[in-house]
Amino acid sequence: SRAAMERMDMEKDILFGIGIDARHVRPGVEGYIHATADIIGEDGEKQYWNVAAYDDDGNLMSDGMFTTQIISKERFEQRMAEKNA
């Protein structure tokens, strides 16, 4: 979600994580987790990210796809007003 935040205007937009599909390959026991997030597509407000996590030795620990949605605060407030009406 941090990478998705870089692609939005935090003053005007809201970010939602709407889906994650991950595959865990090996556990982490000690050390650090290093991850990369690469955008693989956009469809309107939605963004699709490939995320991979590695241990200190570069071994894959997990990978998967993360889906985000960015909507304007104005649109979000309209949706909430309609929902509460």
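All residue numbers refer to positions in the sequence shown, counting from 1. Just so we're clear, the structure is a prediction, and the values are computed from it rather than from any experiment.
More than 12 heavy-atom neighbours from other residues, nucleotides or ligands sit within 6.0 angstrom of CD on E42. Other residues, nucleotides and ligands contribute at most 12 non-hydrogen atoms within 6.0 Å of the CD1 atom of I33. M65 CE: 12 or fewer foreign heavy atoms inside a 6.0 Å radius. In the displayed structure, K46 atom NZ is contacted under 6.0 Å by at most 12 heavy atoms of other residues, nucleotides or ligands.
Sorted by first then second residue, the side chain to side chain donor-acceptor pair (under 3.5 Å) pairs that include residues 76-85, not counting sequence neighbours, number zero.
Among all heavy-atom pairs drawn from L60 and A52, the shortest one is CD1-CB, 4.1 Å. Across D13 and K73, no two heavy atoms sit closer than the pair O-CE, 3.7 Å.
Considering only heavy atoms from C-beta on, D38 stays 4.5 Å or farther from W49 through its side chain. The closest side-chain heavy-atom distance from D55 to R26 is below 4.5 Å. Using a 4.5 Å cut-off on side-chain heavy atoms (C-beta onward), H24 and S62 make contact. Annotation: side chain of Q47 is in contact with side chain of R7 (closest heavy-atom distance under 4.5 Å). Using a 4.5 Å cut-off on side-chain heavy atoms (C-beta onward), M5 and M10 make contact.
The aromatic ring centroids of F16 and F76 lie less than 6.0 Å from each other.
In the hydrophobic clustering of this structure, I70 does not group with I18; members are Ile, Leu, Val, Met, Phe, Trp, Tyr whose side-chain heavy atoms approach within less than 4.5 Å, directly or through other members. No continuous path of ILVMFWY side-chain contacts below 4.5 Å connects Y32 to Y54, so the two sit in separate hydrophobic clusters.
Taken to the nearest 0.5 Å, the CD atom of E11 stands 14.0 Å off from the OG atom of S72. In this structure, I39 CD1 and N50 CG are separated by 11.5 Å, a value rounded to the nearest 0.5 Å.
Scored by the ring-ring contact (aromatic ring centres under 6.0 Å, His included) test, Y48 finds no partners at all (sequence neighbours excluded).
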Candidate pair V25 and M61, rule side-chain contact (heavy atoms from CB on, under 4.5 Å), full reasoning = CA-CA 5 Å; V25 178; M61 296 174 63; 6.0 Å; no
